[in-house]
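Okay, so here's the structure we're looking at.
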Amino acid sequence: MNYWLFKSEPNAYSYDDLVVDSTAEWDGVRNFQARNYLRDSIKAGDLVLFYHSNAKPPCVVGTASVVRSGYPDYTAWDPRSDHPDPKSSPDNPIWYMVDIQAKERFKQPISLNEIRGNYLLSEMLLLRRGMRLSVQPISEEHYAIICHLGQIDKI
DNA sequence: GCCAACGTTGGC
DNA sequence: GCCAACGTTGGC
């Protein structure tokens, strides 16, 4: 099993939205490195930290589980979607997505500042200079630590 | 709103 | 292949 951090701007799609929807298609990712993770590496059963970017403060707010492994992001060839890409087609899909399901909301959201201030978390990609990937791998250890800080059970 | 750090595009 | 211009991300 692998562990990931997914970023979302709460204005666009928040953890509350995921809880209401229960399951969501994680569509609209238009970055090749993130696409590769979605297509090749993120599998059903993997666990996800849900991070609110552009929030005050930016923070991890809960967990989710992957319920469907990577498959073509069909919104790319829908011209009315939020992120159309005319180069992508059903015969030649460029972009991929997974489905995730809300798991547990943190009793205590863990802010970026708190992550930055915790030496146990200092190796996280999230803290790398200029690290803007919206889908990024994290270690099982970092996943467990942040769940612990957020006061929920890891699994 | 500002701006640094990227990623992408396209001329050459 | 280089690189300038441009667009986006995302913290502050």
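Reminder, nothing fancy here: chain letters follow the sequence lines and each chain counts from 1. Please read all numbers here as calculations on a predicted model, not as lab measurements.
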Between the axis at one end of the helix from dG1(B)-dC12(C) to dC12(B)-dG1(C) and the axis at the other (five pairs apiece), what's the angle to 10 degrees? 10°

Check the side chains of Q136(A) and Y51(A) for a donor-acceptor pair under 3.5 angstrom, ignoring hydrogens and angles. no

Just so I know, are the side chains of I94(A) and D73(A) near enough to count as touching, which here means a heavy-atom distance under 4.5 Å? no

Measuring only between side-chain heavy atoms, which start at C-beta, is T75(A) closer than 4.5 Å to W95(A)? no

Write down the distance between CG (L133(A)) and P (dG11(C)), rounded to a whole number of angstrom. 13 Å

Is any side-chain heavy atom of N11(A) closer than 4.5 Å to a side-chain heavy atom of N54(A)? no

Mind checking whether N2(A) and S41(A) have side chains closer than 4.5 Å, heavy atoms only? no

Please state how far atom NZ in K56(A) lies from atom C1' in dG1(B), giving the value in whole angstrom units. 11 Å

Measuring only between side-chain heavy atoms, which start at C-beta, is H142(A) closer than 4.5 Å to E123(A)? yes

Just wondering, do I146(A) and L5(A) contact through their side chains at under 4.5 Å, heavy atoms? no

Residues that, via side-chain heavy atoms closer than 4.5 angstrom, fall in one hydrophobic cluster with L133(A): W4(A), F6(A), Y13(A), Y15(A), L18(A), V19(A), W26(A), V29(A), Y37(A), L38(A), I42(A), V48(A), F50(A), V61(A), V66(A), Y96(A), V98(A), I100(A), L125(A), M131(A), V135(A)

Every protein N/O within reach of nucleotides 6-10 of chain B N/O, cut-off under 3.5 Å:
residue: dC6(B); atom: OP1; partner: R129(A); partner atom: O; Å: 2.8
residue: dC6(B); atom: OP1; partner: G130(A); partner atom: O; Å: 3.3
residue: dC6(B); atom: O2; partner: R132(A); partner atom: NH1; Å: 3.2
residue: dC6(B); atom: O2; partner: R132(A); partner atom: NH2; Å: 2.8

L126(A) atom CG is separated from dA5(B) atom P, nearest whole Å, by 17 Å

